[in-house]
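Here is how names work: the chains are called A, B, and so on, in the same order as the sequence lines, proteins then strands, and each is numbered from 1. All of these numbers come straight from a predicted model, not from anything done at the bench.
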2 protein chains.
Amino acid sequence: MTITEAESRILEAARKVFMEDGYVGARMQRIADVAGISKASLHYYFRSKEKLFDRIFDEYMDRIVPLLNTWEDDSDDWETKVRRFVVDLMEVFKDTSILFLVQELRRDPKKLDERLAAKRKKPNRFIHYYERLRASKLVRDQDPRILALAMHSMCAYPLLNAPMMCGALRMAPAEYDTFMTTYAREAADLLVRMMKK
Amino acid sequence: MTITEAESRILEAARKVFMEDGYVGARMQRIADVAGISKASLHYYFRSKEKLFDRIFDEYMDRIVPLLNTWEDDSDDWETKVRRFVVDLMEVFKDTSILFLVQELRRDPKKLDERLAAKRKKPNRFIHYYERLRASKLVRDQDPRILALAMHSMCAYPLLNAPMMCGALRMAPAEYDTFMTTYAREAADLLVRMMKK
DNA sequence: ACCTGGTTTGACCATTTGGTCAAACCGATC
DNA sequence: GATCGGTTTGACCAAATGGTCAAACCAGGT
């Protein structure tokens, strides 16, 4: 079934409101207002707040999951892969804060389990990839789990906690925003340097 | 004025509930239940939810702010400072997730501004410290803002988004928890390596 | 025993919020 | 223009929630 114009307006509004206020803080009335329809209409299209939220949540996961497959194929060398991963992931986090996901995960930890059950059975792709590089003596000999944590942290946190870091670095929000582009490149450099022999 | 036994029981309960559910999700009734008193009594001691929350929020800030002064004195060499900062900061985040702070900051951005207004006027201590080291040619020649972001990210994020990273690394929560000790040490190593010439 | 001050609480209130429903609306088909 | 399916909405509801208050409680002092 296709998405009607009304539906897509609702989804756009829901995206905005849920991202801003989180699941608990979001109000159905405000979503309706932003979408320019009545609350009753909102419920006509999406039966409940939970259902509507799940739709947005899934959309978001669908943007992130493919990025985790960066480490599957054998195109490009590992340095290029790392740099692309960092830039792409930060691109997603830039217009859709991961805070949204962290919050929801705390509210209902099962949500992720269900959605990634299949994925969870296989080993972590990055770790597997790094182990292979390590066996071929192409990278530094160290625990890839640490690197994975460092990589994800450096991508997510500066955007997740932008208000605080922005203040800590004594920058104006706009300035911080443009600085993030430089940061993405430099962070990728640092990560590559961590892995290089 | 001293803190009565009832008051400290309330504060303990509030700490727990606010940390678990955030400001919006927390319920006064539940705080009362956890503290083992009636909701009316709760309001007798702390007039409003906001007031009670502010008390907890301030407590938390008071634990973090001193750590930011690590870079002030000239005791110890910079490597030791970095290692201590990482371990200490992660220690705080371990029993008191910073998610709490990030959420609140989004709800009311002014809260931090007021509280750190004095601090914000001076330059960032770490950046200042690194510039000095750089001038003395003791460390690598690079933008300290990038390093500051990397350092904070690597400390905060693995604990902030523990459920997800725990799953990503295919670890059980308990296992992840003990792994954090190793991580803290290794993360500090990586950061030192980033700064070393 | 009686008072007095702080403490505790059940009952209650106003407001907010997710959700429902019957009635109105509207374009297309006959 | 009557009918019909899908759409839209104002009015309404039940539950939850932060907060209030008068009455009860309970030590310590007289």
(message) Can you pull out every side-chain hydrogen bond (donor to acceptor under 3.5 Å, both in side chains) where at least one residue sits in residues 126-139 of chain B? Sequence neighbours excluded, please.
(response) B:Asp74-B:Arg132, B:Glu131-B:Arg134, B:Arg134-B:Asp141
(message) Suppose we screen for side-chain hydrogen bond (donor to acceptor under 3.5 Å, both in side chains). Which residues come up paired with A:Asp108, at least two apart in sequence or across chains?
(response) none
(message) Any residue in residues 16-41 of chain B with a heavy atom nearer than 4.0 angstrom to DNA chain D? Just list them by number, or reply none.
(response) B:Ala26, B:Arg27, B:Met28, B:Lys39, B:Ala40
(request) Describe, in one word, how the ring planes of B:Phe100 and B:Phe53 are oriented to each other, choosing from parallel (under 30°), tilted (30 to 60°) and perpendicular (over 60°). (result) tilted
Which atom pairs, donor and acceptor, lie under 3.5 Å between side-chain atoms of residues 84-91 of chain A and protein residues at least two apart or in another chain?
residue : atom : partner : partner atom : Å
A:Arg84 : NH1  : A:Asp76 : OD2          : 3.0
A:Arg84 : NH2  : A:Asp76 : OD2          : 3.4

(request) With a 4.0 angstrom cut-off to heavy atoms of chain A, pull out the first and last contacting nucleotide of DNA chain C, in 5'-to-3' order. (result) C:dT17 to C:dC21
(request) Could you pull out all residues at least two apart from B:Asp62 that satisfy side-chain hydrogen bond (donor to acceptor under 3.5 Å, both in side chains)? (result) none
(message) The criterion is side-chain hydrogen bond (donor to acceptor under 3.5 Å, both in side chains); which residues satisfy it with B:Asp21, sequence neighbours excluded?
(response) B:Arg30
(message) A:Arg9: which residues meet the side-chain contact (heavy atoms from CB on, under 4.5 Å) condition with it, sequence neighbours left out?
(response) A:Glu5, A:Ile37
(request) For B:Lys196, enumerate each residue passing the side-chain hydrogen bond (donor to acceptor under 3.5 Å, both in side chains) test, keeping only those at least two apart in sequence or located in another chain. (result) B:Glu79
(request) Quick one: which residue pairs count as a side-chain hydrogen bond (donor to acceptor under 3.5 Å, both in side chains) with a foot in residues 160-187 of chain A, not counting sequence neighbours? (result) A:Tyr157-A:Asn161
(request) For DNA chain C, determine which residues of residues 44-51 of chain B have any heavy atom closer than 4.0 angstrom to one of its atoms, and list them numerically. (result) B:Tyr44, B:Tyr45
(request) For residues 143-166 of chain A, pull every pair meeting salt bridge (Lys or Arg N to Asp or Glu O under 4.0 Å), keeping only residues two or more places apart or in separate chains. (result) A:Asp143-A:Arg145
